[in-house]
Amino acid sequence: MILVQIKDLHKEFLLGSQKVEALRGVDLEYADGEMLGIRGSSGSGKTTLLNLIGGLDYPTRGQVFFDGHDLALLNRKKLTEFRAHKIGFIFQTFNLIPTLSAFENIEYPLMLLNESPKTRQQMVTLALEQVGLSTFAHHRPAQLSGGQRQRVAIARAIVKNPRLILADEPTANLDVKTAGEVLEVMVRLNKSNRTGFIFTSHDQLVLQRASRQVHLVDGRQTKD
Amino acid sequence: MQMRLKIAFRNVFRNVGRTCLSILMIAGAVTGLILFRGFAENMLSLLSRVEIEYESGHLQAATHDFWEQTPGKRGKYFIHDHARLEAASETHPELRSVSSRLSSFGLLSTGEITVSAKAMGIDIAKEASMFNSLFMIEGEKLTPESKLDVMLGVKLQKQLGVKVGETVTLVGYTLDGVINALDLTVRGIFLMGRDDIDKFLAFVPLQTAQLLLDTQDVESITVRFKKDEDLKKMRDIFQKEFSQIDPRIEVKDWYQLSVFYRSVESFYKVQNRVISIILISLVLLGIINTVGMSIYERTGEIGTLRALGESEASIIWQFTLEGFILGVIGYGIGIILAFILSQIINYAEFHMVMPNATVEVPIGIRLGVPAFVEAAMISLWTSTLATWWPSLRASKMSIVEALKRNI
């Protein structure tokens with residue numbers, strides 16, 4: 001089943017007075033539960049593509065359909081609800097809230113969905129178990145290693161059982177061993193829970209874990 | 001809500017230095033507002049005591065034409081049945097004193113020096129409490145036995161250049177328009193503390209004033225209650241009872257009669273407003289600045305929260321809650337500081353001379369509930385409002401641009 005369909009997607013930015021074309025007509029289909037890797041060098045448009053799929057930004061031209069709905073037609077409020085319910089994000093810099101513990105960071109998306117405290121407790125505990133961080137539940141991000149922080153970020157993304165998780169360079173800030181462990185968690189979740197991932201990387205070792213790869217060069221999709 | 005509150009508390013104390021600065025600003029404003037208002041309240045309270053004890057009493061009753069100063073023969077507007085009015089008043093247990101007054105504008109002369117003055121004829125026995133608390137510079141007070149005696153205001157005495165025991169002549173007109181004069185012995189010199197009174201007023205026994213004006217009537221009845229709080233309920237009762245005896249009678253309370261008190265009160269109100277506006281502006285600018293810095297530092301975090309599905313309204317709500325917490329803490333510290341400082345000021349017994357006054361009065365702080373309520377409203381509103389505006393801007397930020405700040 002096709003979950004995401006992208007048609008002739010364009011995105012332009014103004015960098016000062018200079019117009020920059022980050023995406024120049026990308027067409028892509030993503031099937032539910034896939035582990036899709038987007039490859040490309042820095043500035044190729046990988047992050048921009050993820051941002052548009054995740055409803056963080058509007059395209060200049062073209063369409064992103066998610067589960068049959070054109071995201072460009074959703075207003076800001078609807079787009080916020082879409083992100084809260086359907087999408088999980090994992091960022092290169094982990095982006096955990098420093099004042100919250102690992103448990104509370106994971107709990108946050110559930111609070112936005114108005115889940116009861118009891119349900120939140122159960123779901124967060126399960127997510128922590130799935131990323132192997134049960135004993136670190138009450139640690140603040142500053143008390144965790146890079147790999148542990150990224151695993152908390154993964155738990156935060158999976159805890160609400162979203163249709164799709166978008167991971168932007170999830171291992172770029174990690175050493176090889178830790179990166180391997182984090183990828184292992186993602187692959188395991190993909191296989192066991194059928195959690196769909198679209199992740200970006202320029203590291204071939206990381207991309208090998210994807211079930212399918214897409215290559216972006218200067219905002220265009222290329223065939224290898 | 002519980003989680004939002006928890007997050008708000010943690011965020012408030014994220015940058016302790018900056019938070020302390022914001023809290024100190026709010027606390028300073030709260031302290032300033034409460035102390036200033038307490039100072040004004042104390043001054044007004046002192047002034048109201050002077051008005052009630054030395055001037056008008058709680059209530060004054062006179063004929064309508066007397067109050068309106070209707071042109072015509074003066075004696076026509078006097079009260080004839082003052083004994084009945086006084087007797088009716090004395091049936092109320094709330095009453096402290098009731099007495100009649102009769103004043104005459106005339107000239108006081110030593111033979112060499114003549115000045116204009118107001119001779120206030122009072123019932124010495126019935127206004128004993130006022131007389132007992134009167135501050136005497138020299139000589140003695142009038143007594144119920146006094147007849148052709150006078151007490152002079154300190155500045156009036158200086159203008160005349162008379163000493164206690166010497167004689168002055170009081171010249172005035174009887175109600176029939178005939179010039180009358182009485183030789184009075186100066187028994188004492190008093191100090192009211194108000195310039196306009198001390199250089200113009202002389203106290204004489206009521207009978208002496210009646211003798212000068214050649215009448216048995218009085219111009220007004222002065223009523224004092226045991227408690228200030230009784231005024232409100234007794235005012236209407238006295239109006240009703242007095243009207244039954246003499247339909248021309250109109251009762252006025254001290255507040256209506258004291259133009260000076262009302263002008264001081266409105267001066268303090270304006271001053272209070274100006275100080276409030278200055279303090280609010282300082283707090284507003286200070287908090288907008290500190291919250292603005294906090295939001296700038298947390299831009300990446302705001303981007304993350306928006307990406308996770310946090311709505312624009314929730315971002316505003318979160319920051320506004322933090323501003324409210326700052327306001328509550330600042331208010332709490334502010335009222336403690338205000339209480340401590342008020343105790344120190346009251347204990348230190350500083351003195352100052354009030355406008356139009358000739359003597360120093362103690363500077364005190366009278367803490368009252370309205371000051372605390374006003375300070376609470378101002379501090380909470382200001383801190384919440386100051387946070388609302390920058391957080392509104394933060395909520396409208398591009399998520400993608402905000403996320404770029406996570407480094």
Side-chain angles (χ1 to χ4, degrees), chain A residues 11 13-14 22 47-52 54-58 75-101 103-117 120 140-141 153 156-157 159-160 162 165-166 168 173, chain B residues 1-19 291 293-319 321-323 325-326 387 391-407:
Chain A
K11 182 66 185 179
F13 297 108
L14 273 177
T47 303
T48 305
L49 181 59
L50 284 196
N51 288 342
L52 293 173
L56 297 179
D57 208 352
Y58 288 99
N75 61 24
R76 290 160 72 98
K77 195 179 169 207
K78 290 280 177 198
L79 217 48
T80 301
E81 285 172 16
F82 161 75
R83 288 195 300 271
H85 287 86
K86 304 281 171 73
I87 303 287
F89 285 97
I90 300 170
F91 303 97
Q92 179 182 340
T93 46
F94 324 129
N95 296 16
L96 299 178
I97 309 303
T99 48
L100 303 182
S101 67
F103 187 97
E104 289 161 341
N105 263 288
I106 301 165
E107 189 184 12
Y108 204 95
L110 298 176
M111 184 190 78
L112 300 179
L113 298 178
N114 292 320
E115 295 289 357
S116 69
R120 295 204 305 250
R140 295 270 178 101
R156 182 177 66 182
V159 72
K160 60 187 178 186
I165 290 175
L166 301 171
D168 190 14
N173 276 12
Chain B
M1 182 62 193
Q2 199 185 348
M3 187 154 175
R4 286 217 178 275
L5 207 57
K6 186 163 69 177
I7 294 168
F9 261 106
R10 287 187 195 169
N11 283 333
V12 162
F13 291 101
R14 212 161 163 166
N15 186 325
V16 177
R18 197 162 53 211
T19 297
V291 171
M293 280 166 72
S294 168
I295 285 174
Y296 178 79
E297 284 172 7
R298 286 160 64 188
T299 302
E301 195 177 303
I302 293 166
T304 304
L305 296 177
R306 295 280 289 121
L308 293 179
E310 186 81 279
S311 67
E312 290 174 17
S314 297
I315 294 286
I316 296 170
W317 170 232
Q318 185 66 50
F319 277 101
L321 194 61
E322 290 170 24
I325 290 170
L326 278 178
T387 327
S391 61
L392 180 71
R393 282 176 54 200
S395 72
K396 302 283 180 201
M397 267 190 294
S398 153
I399 302 173
V400 171
E401 290 305 313
L403 282 170
K404 284 180 187 168
R405 300 278 285 278
N406 283 306
I407 44 168

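In the text below, chain A, chain B and the rest are named by the order of the sequence lines, each starting its count at 1.
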Chain B contact via A:Asn95 - which portion, at a heavy-atom distance below 4.5 Å: both
Who in residues 77-88 of chain A is close to chain B, using a strict under-4.5 Å heavy-atom cut-off? A:Thr80, A:Arg83, A:Ala84
Counterpart residues, side chain to side chain contact (heavy atoms under 4.5 Å, CB included), relative to A:Arg140 (two or more places apart): A:Gln143, B:Arg10
If you draw a 6.0 Å radius around CZ in B:Arg393, do more than 12 non-hydrogen atoms from other residues or ligands fall strictly inside? no
Chain A contact via B:Arg298 - side chain, backbone, both or neither, heavy atoms under 4.5 Å: neither
Side chain to side chain contact (heavy atoms under 4.5 Å, CB included) against B:Thr19, all qualifying residues, sequence neighbours excluded: B:Val12, B:Phe13, B:Ile23, B:Leu326
Validate the cation-pi geometry between A:Arg76 and A:Tyr58: distance from NZ or CZ to the six-membered ring centre under 6.0 Å, angle to the ring axis within 45°. no
Closer than 3.5 angstrom, by distance alone: can the side chain of A:Arg120 be matched with the main-chain N or O of A:Glu104 as a donor-acceptor pair? no
Flag, side chain of A:Asp168 to backbone of A:Gln92, donor-acceptor distance under 3.5 Å: no
Portion of A:Leu112 that has a non-hydrogen atom of chain B nearer than 4.5 angstrom: side chain
My understanding is that only residues two or more places apart in sequence, or in another chain, count here; which of them pass ring-ring contact (aromatic ring centres under 6.0 Å, His included) with A:Phe91? A:Phe89
Most contacts with chain A, counted as non-hydrogen pairs under 4.5 angstrom, among B:Ala313, B:Ser311, B:Ala307: B:Ala307
Would you confirm whether A:Asn173, through its side chain, and A:Thr93, through its main-chain N or O, come within 3.5 Å as a donor-acceptor pair? no
